[in-house]
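Step one of this worksheet: look at the structure below.
In what follows, chains are A, B, ... by sequence order, proteins preceding strands, each numbered from 1.
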Amino acid sequence: MADPIRVRFAPSPTGSLHVGHAHTALFNWLFARHHGGTFILRIEDTDEVRSTEESVSAIYEGLRWLGLDWDEGPDIGGPHAPYIQSERLDVYEEHYRKLLESGRAYYCYCSPEELEERREIMRARGLPPRYDNRCRSLSDAQRAAFEAEGRKPAVRFRMKDHGSTVIRDLIRGDMPYDNSLIGDLIIRKTSGFPTYHFSVVVDDHLMDVTHVIRGEDHISNTVPHLQLMEAFGFEPPRHAHLGLLMGPDRTKLSSRHGATDLAAYRRMGMLPQTMANFLALLGWSTGDDEEILSIGGIVERFDLDRVSKAPSVFDFGKCEFINGQHIRLASLEQLLDIAVPMLAEAGLLEATPSADDRVWVGRVIDLMRDRMRTVGVLTDWGRYFFTDEYEFEERAREKWLRKPETADTLDALAEALEALPDWTVEAIEGAVRNVAEQRGIGGGKAIHPCRAAVTGTTVGPSLFHLLELLPHATVVGRLRLVAEMCRAGAFDEPGPTLGE
RNA sequence: GGGCCCAUAGUCUAGAGGUUAGGACUCCGCUCUUUCAAGGCGGCAGCGCGGGUUCGAUUCCCGCUGGGCCUACCA
């Protein structure tokens, strides 16, 4: 039997959790869960200037929200703790020493400025801007001279000069790479921190990672990683490089393309199951025609053999569509938990509504959910449920509210509805249709002006059902007020709100 | 510049040496309904180009083109 699968998501905490990283995390997690393996979270905070605590929190929060739980990680520990690289410096020291002793690593005294300068010159000459390996064979005297200048050395790994390194990729097959193309790279910065290339290799090995699943932007990095592993005598993990996520202009997805933090999608009312579903479909497919899947359904079907090589464009429209589908499938409780804070934020609801109010909001959601694509639209499309301060859209004004007969129709509706003893859907529908009949007009001629008056718009859920959810007196009051506004010509100008 | 990766409609994708190239989003039309922003039905639209291999390639190979990524004391 094969060794148990162990994968990791290893983000650097230098900002919010990007959807591209969420995508990588998801694929690792799905792979682990499908195969009953272990999913490890490791924080790669070796960029000592850009790493922040807030970013670590954002990563935890983002992953938890998406539903990705980890079996080992900084917060919960595990057999290979710590899982934060800045706390593993002693481990790395030990490993530099091995390389230094075996001659595969050496001290380099070149300053970043000097290196940059030389790269510029090489570029200007049309040469590859790689390091010239000049510190490889420093004499003791030269080293002493640099030290005397007060220079602090970095440690470089001695790459192979000849031959080729073959990357064996589960998704792409074998990819040979010419060794002579890459210069020796820094593995320990002057600051004492490791570079990514070094810590990733050491930790993946020490943490028994069996599969490294990451973005294709890491393909060429794999070459030094492989050489490092070989120098240490580590058995390399299996690699799988995923196609990148791109913006509509087909460049790597970035903030230029709009929202790239996972959190932004949460704020606009995307459900976590939507993001998992949508992200899973970017670069992976089920093989059958089903696309709307639960997380469990994805775990069940997921495997690397159905992952495609090509990069994929993040299509926001499709993401919204999938969200609409999941909104219909979601529990009312979940939708309420998302909607209530949004409504409160918009000033349409108290931050902690009473139990009765919550039930009522739930009824509003149930009425609207079939046509919503994000929960966020509730504060817009559903505004009239929560406040009298809603606008009258141009279509509503033009089609109904400016019509000379509308004022009388609305008054008649107000009167008929006011007289109702029971405020039920059936009673409301009966009254509205009755008014139409008495006035000798079709049902629509009563229904549409009524909707326009009470909601300010021409579209929405069943009129009778939405009226029922509004307080009896509110509906009657709005009808009377709008009738007045019609007579006063208030709808000739754009955008009045009720009573203006 | 160099290296590497990728290539089925605008987008996400399925697919096989011979298929009417399948599904989904978007868009358009029709339809149901009190309205659509929902539902139903239908439609537009695709194998990047050029060579091979083959009886036959969109599928396999090569080249080209296009796009992407990497080329840091960032990860």
Side-chain angles (χ1 to χ4, degrees), chain A residues 10-14 44-51 108 110-112 115-116 119 122-131 152-156 167 169 172 175-178 181-183 185-191 193-197 199-200 215-221 223 241 243-244 246 248-252 278 281-292 306 308-322 324 328 368-373 377 381 395 399 429 432-433 436 442-448 450-452 455 457-464:
Chain A
S12 65
T14 52
E44 305 215 329
D45 58 345
T46 54
D47 183 338
E48 65 276 40
V49 300
R50 293 196 304 151
S51 296
C108 171
C110 303
S111 71
L115 292 168
E116 182 52 40
R119 271 196 296 270
M122 287 194 269
R123 260 186 229 114
R125 288 195 199 145
L127 295 169
R130 82 205 246 328
Y131 179 60
K152 292 275 175 273
V155 177
R156 277 189 194 265
I167 303 170
D169 189 290
R172 289 153 208 270
M175 300 180 279
Y177 216 98
D178 188 343
L181 264 17
I182 312 170
L185 44 86
I186 289 178
I187 54 177
R188 182 187 192 270
K189 308 180 207 175
T190 319
S191 66
F193 270 61
T195 56
Y196 156 74
H197 301 292
S199 55
V200 77
E216 68 172 317
D217 49 346
H218 285 288
I219 291 178
S220 38
N221 291 335
V223 174
H241 289 95
L244 260 22
M246 302 187 300
D249 63 352
R250 293 205 160 270
T251 62
K252 193 172 166 180
F278 176 62
L281 257 17
L282 258 24
W284 172 77
S285 64
T286 57
D288 56 44
D289 288 339
E290 281 186 66
E291 285 204 318
I292 305 303
R306 297 203 61 85
S308 77
K309 300 187 254 227
S312 35
V313 173
F314 187 97
D315 181 353
F316 183 76
K318 180 144 186 181
C319 184
E320 272 195 309
F321 167 80
I322 291 177
R328 294 169 198 205
M368 304 288 282
R369 71 196 298 179
D370 276 359
R371 63 203 71 214
M372 294 178 2
R373 283 155 96 99
V377 298
W381 293 356
R395 260 177 321 174
K399 221 163 172 286
E429 175 160 10
V432 172
R433 292 200 187 279
K445 289 270 171 67
I447 287 165
H448 297 309
C450 184
R451 179 191 296 281
T455 73
T457 183
T458 56
V459 302
S462 156
L463 177 73
F464 312 118

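- The residue A:R395 sits apart from the nucleic acid: no heavy atom pair falls under 4.0 Å.
- The phosphate of B:rA75 has OP1 or OP2 within less than 4.0 Å of a side-chain N or O from A:K189.
- Within the 4.0 angstrom heavy-atom criterion, no nucleotide atom of any strand lies near A:R123.
- Below the 3.5 angstrom threshold, one finds a donor paired with an acceptor across the side chain of A:E291 and the base of B:rG23.
- Not one side-chain nitrogen or oxygen of A:R130 sits closer than 4.0 Å to the OP1 or OP2 atom of B:rA72.
- The 5' end of RNA chain B is approached more closely, in terms of each residue's nearest nucleotide, by A:A310 than by the other of A:P461 and A:A310.
- Across all strands, A:R373 comes closer than 4.0 Å only to sugar-phosphate atoms, never to a base (heavy-atom distances).
- Among the protein residues, A:S462 comes within range of the nucleic acid bases, having at least one heavy atom under 4.0 Å from a base atom.
- Side chain of A:M246, nearest nucleotide from B:rC73, B:rC4, B:rG68: B:rG68.
- Across all strands shown, A:T251 has heavy atoms under 4.0 Å from sugar-phosphate atoms exclusively, and none from any base.
- Checked by distance alone, A:D289 brings no side-chain donor or acceptor within 3.5 Å of a matching partner on the base of B:rA14.
- Residue A:G215 is out of contact with every strand shown, counting any heavy-atom pair closer than 4.0 Å.
- Between the side chain of A:R371 and the base of B:rC36 there is at least one donor-acceptor pair of N/O atoms closer than 3.5 Å.
- Contact annotation: A:S285 reaches the phosphate of B:rA14 (side-chain N/O to OP1 or OP2, under 4.0 Å).
- Across every strand in view, B:rA7 sits in a pair with B:rU65 that passes the Watson-Crick or G-U test at under 3.5 angstrom.
- Toward the 5' end of RNA chain B, the nearer of the two residues A:W284 and A:R451, judged by each one's closest nucleotide, is A:W284.
- Between A:F314 and A:F278, the ring planes lie perpendicular to each other; the angle is over 60°, past the 30° to 60° tilted range.
- Side chain A:T195 to base B:rC73: no donor-acceptor pair is found below 3.5 Å.
- You'll find that the side chain of A:D370 is closest to B:rA38, out of B:rC25, B:rA38, B:rC4.
- Within the nucleic acid shown, A:P311 comes within 4.0 Å of sugar-phosphate atoms alone, with no base atom in reach, counting heavy atoms only.
- For the pair A:R328 and B:rG39, the criterion of a side-chain N or O lying under 4.0 Å from OP1 or OP2 is met.
- Of the listed nucleotides (B:rU71, B:rC69, B:rU34), B:rU34 has the atom at the smallest distance from the side chain of A:L463.
- Note on A:T458: a base of the nucleic acid sits closer than 4.0 angstrom, heavy atoms only.
- When heavy atoms are screened at a 4.0 angstrom cut-off, A:S312 is found touching the sugar-phosphate backbone but no base atom.
- The residue A:R125 sits apart from the nucleic acid: no heavy atom pair falls under 4.0 Å.
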Collect all protein-nucleotide pairs involving nucleotides 58-61 of chain B in which both atoms are nitrogen or oxygen and the distance is under 3.5 Å.
none

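- Looking at the side chain of A:K252, the nearest of the listed nucleotides B:rC12, B:rC69, B:rU13 is B:rC69.
- Looking at heavy-atom distances under 4.0 Å, A:H241 makes no contact with the nucleic acid at all.
- Between A:V459 and A:R371, every side-chain heavy-atom pair lies at or beyond the 4.5 Å cut-off.
- Here A:C108 lies out of heavy-atom contact (under 4.0 Å) with every strand.
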Please report the C-alpha distance between A:L181 and A:V223 in whole Å, then the side-chain angles of each, then the deciding distance to 0.1 Å, and finally whether the side chain to side chain contact (heavy atoms under 4.5 Å, CB included) criterion is met.
-> CA-CA 10 Å; A:L181 264 17; A:V223 174; over 6 Å; no
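- The side chain of A:F321 lies closest to B:rA24, out of B:rG68, B:rA24, B:rC5.
- Residue A:R306 has a polar side-chain atom (N or O) positioned under 4.0 Å from OP1 or OP2 of B:rG15.
- Heavy atoms of A:M175 sit under 4.0 angstrom from primed sugar atoms or phosphate atoms, though from no base atom.
- Judged by Watson-Crick or G-U wobble contacts below 3.5 Å, the nucleotide B:rC30 has B:rG40 as its partner.
- Across all strands shown, A:D288 has no heavy atoms under 4.0 Å from either base or sugar-phosphate atoms.
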